[in-house]
Visitor: 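One structure, pasted below without further comment.
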Amino acid sequence: MTQDSQQIFLDPAIRDWVLIPIMLVMVLVGVLRHYATQLMMSMPKGNFRGVRESAALMRARTLRGPPGTILSYEAFMARVRYLAASFDKGAYLKNPNAATAAANPMSDPAGMEAMMDMLKKNMVMIVPQTLIMSWITFFFSGFVLIKLPFPLTVRFKAMLQRGVDTADMDVTWVSSLSWYFLNLFGLRSIFTLILGQDNAAGTDMNQMQMMGGMMPGMGAAQPMQQPAEILNLFKNEKELLELAQWESGLKGVELRVLELYGERSPELTLDEKKRA
Amino acid sequence: MAPTKFNATTAKAKLAALRMGLVEAGASEHTQPVTYDPSDVADLASQLLATSLNPVERLAVREQAFIASLDSGDLRAASAHLSVIEKQFSFDESVRVQRLHGLLAEAHGDFARAVEIYSAALEKDETNVLIYKRVVAVLVSQGKRAEAIEKLVAYVDAFMQDVEGWTELAALYLEENMLPQAQFCFEELLLLRPQNHLYHVRYAEVLYTGGKFELAIKHYCAALELCKDNVRALYGLKVATAAALAARAKIVPGKGSKGGRGSSTSLATKDAAAEDEAVDDETIASLSAVASKRLAALYEAGGKEGATSHSVVKTWLAI
């Protein structure tokens, strides 16, 4: 397939009235979307009891972790007993009657809010995209806009010539709909230039997937977490607390300090360890 | 510090360091430690605001200038800054601006108004840590320590990982002479920041005051291990070792290390714990000797300026 076998001349008007406008519209819509999301985003509202709940879990984790050994035995045991007891009673749960409540995220106002936020975000993404796509398919379907300056294999035909069902055309020609898709995924770095690093303009596949698991700050629990799950977390933590071993983290500090000041040779300690 | 030559970049860096709290984070290893001097900050900030800044940083500097003017008592400048900020974020919208208004009211001495603003702000955002702290601070500056403790306990019950909260609570308890409670707070602080020798020292001081000399010795030693030649820890060690030896001599001369320990826990672990914590008299005596030696050496190294304090310390150590 040689170059001259397909001498197609494109009208410069196509460049001026189709190619550039599509790109321009895409950029503008991206910028608009960025500002629309900023407007619609409600501040992630913290929940006092939610913070308390996750803080309690974290506290238990620190206690049975390495820092716990620094406490004296009585202090450590008092904390373990207290936390285990209150975990057992569910004193730190966000809603203490969660065990009996229906496992429906809709019933939790906080979960509801998070879902609304996600819905808003998706709406801002999807609505302009469908509009632009229908605009392009309506006005410019079947247009060939540019020719790529490098050869490509036939496999790219589906990607670059969407909307143009011609079997013989060279792969390097790009149709209007494909130009739209190229823009959709390729404008990210341009948006970063215009709007800065954390913009909401582009569509990133990773981002879309992440959105489901994203957590609001302050170390709060996931918005979609089921109450029953949290109850299990607490039960688990309680068992781990009860199994927690205490060993003084300050064992032999005095001897180490004496060594530090050269009042005692390190060999002696080794000897003592053997004896012990 | 006379601003003979105003350098925008260094001013920016200094203000940013103060704002972000890089000083506390220990990032000042290669940079010079920055100290907070309100009038200096207000000065730098107002000069910086005259230059071109990006809008986000401009607001941040403006807020910093506002707080610095409050700290240096220049209330009129503070109100001017606040009204500029308010042009961008209205009082009703932004909890942060509400907090600034509360600060201004506090500076004017209008505590009732400040509390009113804060409680309204907390209704809007019930997890705003800064505002909780302000409420406590208002109570403290009014001298209502018991109420402040009450509020702070409720706060710390939810924000259990907040080091500042525990520190303040410990300080309040100490002012009220509630030693066991203060001890609890310091234990929490040690859990959260086990590598901070200052918490070890302060915990040990509380323990010593409460008569738990052996555990106090442990924590003084831990502090010395983390920060060699910490004078406060050395003094503490000296005093605590003397007290521990005296206490032991009173009970049973020789092996009397079981005194003063808590009660009723499961047997096996309890014994192991006791063994871990036991320190023999010999070690305590040599610790005491080390503390005296180091203290004397440290003051001697102070040279001529420390001559008087050196002699004072020497006589104290001789007792």
Side-chain angles (χ1 to χ4, degrees), chain A residues 43-79 81-83 86 91-92 196 216-220 245-264 276, chain B residues 94-95 122 124-129 156-162 183-184 187-188 190-195 199-200 203 207 212 215 217-225 228-229 233 237 241 261-263 265-266 269-270 272-277 279-280 283-284 286-287 289-291 293-294:
Chain A
M43 276 296 281
K45 218 175 169 192
N47 183 316
F48 188 77
R49 296 194 64 85
V51 170
R52 189 163 169 262
E53 186 182 79
S54 42
L57 278 178
M58 220 188 314
R59 187 182 183 190
R61 245 165 253 160
T62 353
L63 184 62
R64 67 178 165 80
T69 58
I70 215 160
L71 296 181
S72 63
Y73 182 72
E74 292 93 69
F76 178 80
M77 277 321 284
R79 278 172 175 72
R81 254 182 260 125
Y82 170 72
L83 281 179
S86 47
Y92 282 107
M218 298 284 308
Q245 292 284 321
W246 181 84
E247 193 191 349
S248 176
L250 296 178
K251 191 175 179 182
V253 229
E254 320 80 24
L255 304 180
R256 287 203 296 277
V257 166
L258 285 180
E259 268 166 43
L260 188 71
Y261 287 112
E263 290 293 311
R264 183 190 169 86
Chain B
S94 160
V95 172
L122 277 184
K124 260 181 109 174
D125 180 5
E126 57 181 6
T127 52
N128 196 317
V129 176
V156 137
D157 181 47
F159 301 89
M160 296 174 207
Q161 273 76 35
D162 188 292
Q183 191 186 324
F184 183 89
E187 277 158 11
E188 284 300 319
L190 283 178
L191 274 179
L192 292 170
R193 299 279 181 276
Q195 301 295 330
Y199 295 138
H200 277 285
Y203 180 51
L207 287 173
K212 295 168 188 156
L215 199 52
I217 290 173
K218 283 260 179 199
H219 281 275
Y220 278 129
C221 287
L224 280 177
E225 198 181 19
K228 200 182 172 187
D229 285 349
L237 190 58
T241 43
R261 197 155 275 131
S263 56
T265 34
S266 69
T269 15
K270 160 92 177 147
E275 205 141 289
D276 271 353
E277 281 173 46
V279 188
D280 53 61
T283 324
I284 291 183
S286 52
L287 275 176
V290 163
K293 214 164 87 186
R294 279 316 294 168

Visitor: Can you say whether A/Tyr261 sits under 4.5 Å from chain B via the side chain, the backbone, both, or neither, judging by heavy atoms?
Guide: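 Side chain only.
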Visitor: Name all residues meeting the side-chain contact (heavy atoms from CB on, under 4.5 Å) criterion together with A/Ala56; count only those two or more places apart in sequence or in a different chain, and write none if there are none.
Guide: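 If we apply the side-chain contact (heavy atoms from CB on, under 4.5 Å) test to A/Ala56, skipping adjacent residues, the hits are A/Phe87, A/Tyr92, A/Phe234, B/Met160.
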Visitor: I need the residue from B/Val290, B/Asp157, B/Leu287 with the largest number of non-hydrogen atom pairs under 4.5 Å to chain A.
Guide: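 Most pairs with chain A among the choices: B/Asp157.
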Visitor: Return the option, out of B/Asp229, B/Leu190, B/Ile284, with the maximum number of heavy-atom pairs under 4.5 Å with chain A.
Guide: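 That would be B/Asp229.
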Visitor: Does any backbone or side-chain atom of A/Arg256 lie under 4.5 Å from a heavy atom of chain B? Answer side chain, backbone, both or neither.
Guide: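 It is the side chain, since no backbone atom gets that close.
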Visitor: Below 4.5 Å, heavy-atom pairs only: which of B/Glu188, B/Arg294, B/Gln183 has the largest tally toward chain A?
Guide: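 When all of B/Glu188, B/Arg294, B/Gln183 are compared, B/Glu188 has the most.
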Visitor: Give, as side chain, backbone, both or neither, the part of B/Tyr220 having an atom under 4.5 angstrom from any heavy atom of chain A.
Guide: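 The answer is neither part of B/Tyr220.
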Visitor: What residues of residues 60-67 of chain A sit under 4.5 Å from chain B when you count only heavy atoms?
Guide: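 When heavy atoms of chain B are the reference, residues 60-67 of chain A contributes A/Thr62, A/Leu63, A/Pro67 within the under-4.5 Å range.
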Visitor: Going by the rule ring pair (Phe, Tyr, Trp, His ring centres under 6.0 Å), which residues pair with B/His219 if we only count those two or more places apart in sequence or in a different chain?
Guide: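 Per chain and number, B/His219 pairs via ring pair (Phe, Tyr, Trp, His ring centres under 6.0 Å) with B/His200, B/Tyr203.
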Visitor: Identify which part of B/Lys293 has an atom lying under 4.5 Å from any heavy atom of chain A, answering side chain, backbone, both or neither.
Guide: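 Contact with chain A is through the side chain of B/Lys293 alone.
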Visitor: To the nearest 0.5 Å, how far apart are NZ in B/Lys218 and OG in A/Ser248?
Guide: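 Output value for this atom pair is 5.0 Å.
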Visitor: How long is the gap from CG on A/Leu258 to SG on B/Cys221, to the nearest 0.5 Å?
Guide: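 Answer rounded to 0.5 Å: 7.0 Å.
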Visitor: Side chain, backbone, both or neither: which part of A/Val253 has a heavy atom under 4.5 Å from chain B?
Guide: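 Contact with chain B is through both the backbone and side chain of A/Val253.
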Visitor: Calculate, to the nearest 0.5 Å, the distance between atoms OG1 and CD belonging to B/Thr241 and A/Glu254 respectively.
Guide: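 The distance works out to 12.0 Å.
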Visitor: Nearest 0.5 Å please: distance from the CD1 atom of A/Ile70 over to the CG atom of B/Leu191.
Guide: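 Reported value, rounded in 0.5 Å steps: 8.0 Å.
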Visitor: Under the criterion side-chain contact (heavy atoms from CB on, under 4.5 Å), which of B/Ile217, B/Thr283, B/Leu224 is the partner of A/Val257?
Guide: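 When side-chain contact (heavy atoms from CB on, under 4.5 Å) is applied between A/Val257 and each of B/Ile217, B/Thr283, B/Leu224, only B/Leu224 qualifies.
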Visitor: Can you name the side-chain contact (heavy atoms from CB on, under 4.5 Å) partners of B/Leu192, sequence neighbours left out?
Guide: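 So B/Leu192 forms a side-chain contact (heavy atoms from CB on, under 4.5 Å) with B/Gln161, B/Val163, B/Trp166.
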